[in-house]
Amino acid sequence: MSESYRRVKGTRDLLPPETAVWAAVEATARSVFGRYAYREIRTPIIEHTELFVRSVGESTDIVGKEMYTFADRKGRSLTLRPESTASVARAFVENGMTSWPQPVKLFYIGPQFRYERPQKGRYRQFHQIGAELLGDASPLADVELLLMLNRFLQELGFEDLVVLVNTVGDEASRQAYRASLVGFLTPRRDALSEDSQRRLESNPLRILDSKSPGDREQLEGAPELHDSLTPEAREHFDQVRAGLDAQGMAYRVENRLVRGLDYYTHTVFEIVSEGLGAQDALVGGGRYDGLVAALGGGAVPGIGFAIGEDRLLDVLPESFQRRFVPASPTTVVAVGEVSPMAALALAEELRSQGVECIAELTTRSLKSSMKRADRHGVERVLLLGEEEMESGRVTLRDLRSGRQGVVLRDRLAAVLTSDDFYEIVNPGPSGPEGEEER
RNA sequence: GUGAGCGUAGUUCAAUGGUAGAGCCCUGGAUUGUGGUUCCAGUUGUUGGGGGUUCGAGUCCCCUCGCUCACCCCA
């Protein structure tokens with residue numbers, strides 16, 4: 001085992017055939033999001049560190065301890081994006097999308113980076129599929145976004161996911177609640193966990209979803225965020241729920257759900273899955289009506305979500321994976337005195353007609369070539385020997401059935417792309433040992 | 001950053017402190033142009049790295065690195 005080079009901690013190599021499943025998942029996202037007229041945006045994976053500090057929030061864990069930050073050659077502080085909403089908002093402002101027809105609907109697919117200790121479902125380089133809707137403050141925008149998310153997950157075959165929804169209200173609601181929560185918890189400060197004591201000052205709302213049993217106990221009888229909502233915030237959330245109900249979408253109101261990023265307002269949501277271990281959040285998202293303004297872009301409301309693609313693939317239903325088994329290629333083998341060059345030429349001819357094939361480029365025994373084709377999972381082999389070269393035909397063997405026939409070279413592509421190709425094959429004599437074993 | 005468990009061939013795993021092995025995988029072959037089963041042959045290791053104890057260490061001790069899971073937090 002050579003130890004010279006290893007993956008960077010927390011990164012991983014995605015290999016075939018699994019990469020085909022990733023591509024299929026991404027194709028499904030493009031298809032579903034496209035039906036809602038979302039268009040793809042590609043932002044850089046590096047940004048000025050300040051962008052994330054400003055948008056995600058100084059008191060958050062992401063900024064406080066999880067950013068992959070480094071200095072470039074001129075000493076500027078750059079950060080590998082820990083999430084993409086900030087980048088999208090930045091791009092929105094920087095490219096003058098405020099003057100595009102509103103709302104602007106964008107989706108992205110790509111790697112994100114957080115400097116954390118890796119564990120199940122958590123990597124330093126992970127992948128998100130996300131969507132952002134900018135310029136529509138309507139509660140029905142929240143509803144439609146959730147429906148789109150739901151549709152995507154349904155098309156992947158998910159059935160048992162739990163959608164958690166909550167509201168954190170507008171700025172006024174949050175301030176009022178923050179004061180009331182701090183007032184309630186301060187006398188109990190000493191009973192809180194160390195982390196929560198710190199959060200009492202930096203980000204008290206986060207204490208709400210603390211996993212510590214002690215903290216849970218202290219939260220008994222704590223004021224409810226819903227009681228601090230302004231009438232407008234309450235109205236917004238009521239309408240979101242009414243919309244979801246009207247569309248028959250299943251969800252659960254989880255009033256302790258508080259998301260970790262500072263920019264969230266009003267609706268927040270999370271989708272969790274069993275089977276992911278401790279990191280069970282598959283999707284997170286919410287409304288961020290103040291973010292664009294904070295980045296200097298004016299009062300443009302926004303809402304979006306991010307799907308953890310790595311986690312998604314961990315629990316992807318088999319029903320979906322089965323639909324994307326890649327087609328098996330055909331192998332072309334030169335036989336006897338025929339040069340592998342002829343196999344290459346035939347393969348090229350077929351490829352130009354849309355046939356997926358492998359050319360056997362090394363001269364070896366036919367037995368060996370057949371064995372290799374079989375091990376590559378090939379189902380059809382084309383044999384090109386002296387007889388075939390002279391007659392302008394090719395011997396086609398189906399490895400699954402063991403059936404074999406002779407096909408005119410000109411007809412090959414048509415036969416190979418046909419579903420029941422061997423029905424078309426000139427039945428002729430079957431192979432030397434012709435018997436079918438399967 | 002904290003804690004626990006684990007590091008032997010590409011892979012899954014063996015080896016009472018006494019010569020580092022097996023299955024799988026991979027490569028070739030079993031006479032003429034036919035795969036899967038079978039048979040034969042072959043390649044692969046500084047036992048993660050360093051130090052210590054010992055006549056002798058894959059095995060015991062220490063350090064270090066890596067992996068995994070959990071905490072924190074999140075996708």
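Chain identifiers are assigned alphabetically (A, B, ...) following the order of the sequence lines, protein sequences preceding nucleic acid strands; residue numbering begins at 1 within each chain.
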Of the listed nucleotides [options], the one nearest the side chain of [X]:
X	options	answer
Arg122(A)	G1(B), G36(B), C72(B)	C72(B)
Leu366(A)	G29(B), G33(B), A75(B)	G33(B)
Lys65(A)	U27(B), G1(B), C72(B)	C72(B)
Glu116(A)	G66(B), G36(B), A75(B)	A75(B)
Lys371(A)	A30(B), U27(B), C69(B)	A30(B)
Glu387(A)	G33(B), G3(B), C26(B)	G33(B)

Taking the ring centre of each residue, are Tyr68(A) and Tyr115(A) less than 6.0 Å apart?
yes

Identify all stems in which RNA chain B takes part, counting only runs of at least 3 consecutive pairs (Watson-Crick or G-U wobble, each distance under 3.5 Å), and give each as one range with another, ordered by first number.
B:1-7 with B:65-71, B:10-13 with B:21-24, B:26-30 with B:38-42, B:48-52 with B:60-64

Measure the distance from CD on Glu360(A) to P on G33(B) and round it to the nearest whole Å.
15 Å

Protein-nucleotide distance (Arg6(A), atom CZ; G49(B), atom P), rounded to Å:
12 Å

For Ser368(A), which contact category applies under a 4.0 Å heavy-atom criterion: base, sugar-phosphate, or nothing?
sugar-phosphate

Can you tell me how the ring of Phe237(A) sits relative to the ring of His226(A), calling it parallel under 30°, perpendicular over 60° and tilted otherwise?
perpendicular

Does Gln119(A) place a side-chain N or O at less than 4.0 Å from the phosphate oxygens OP1/OP2 of U68(B)?
no

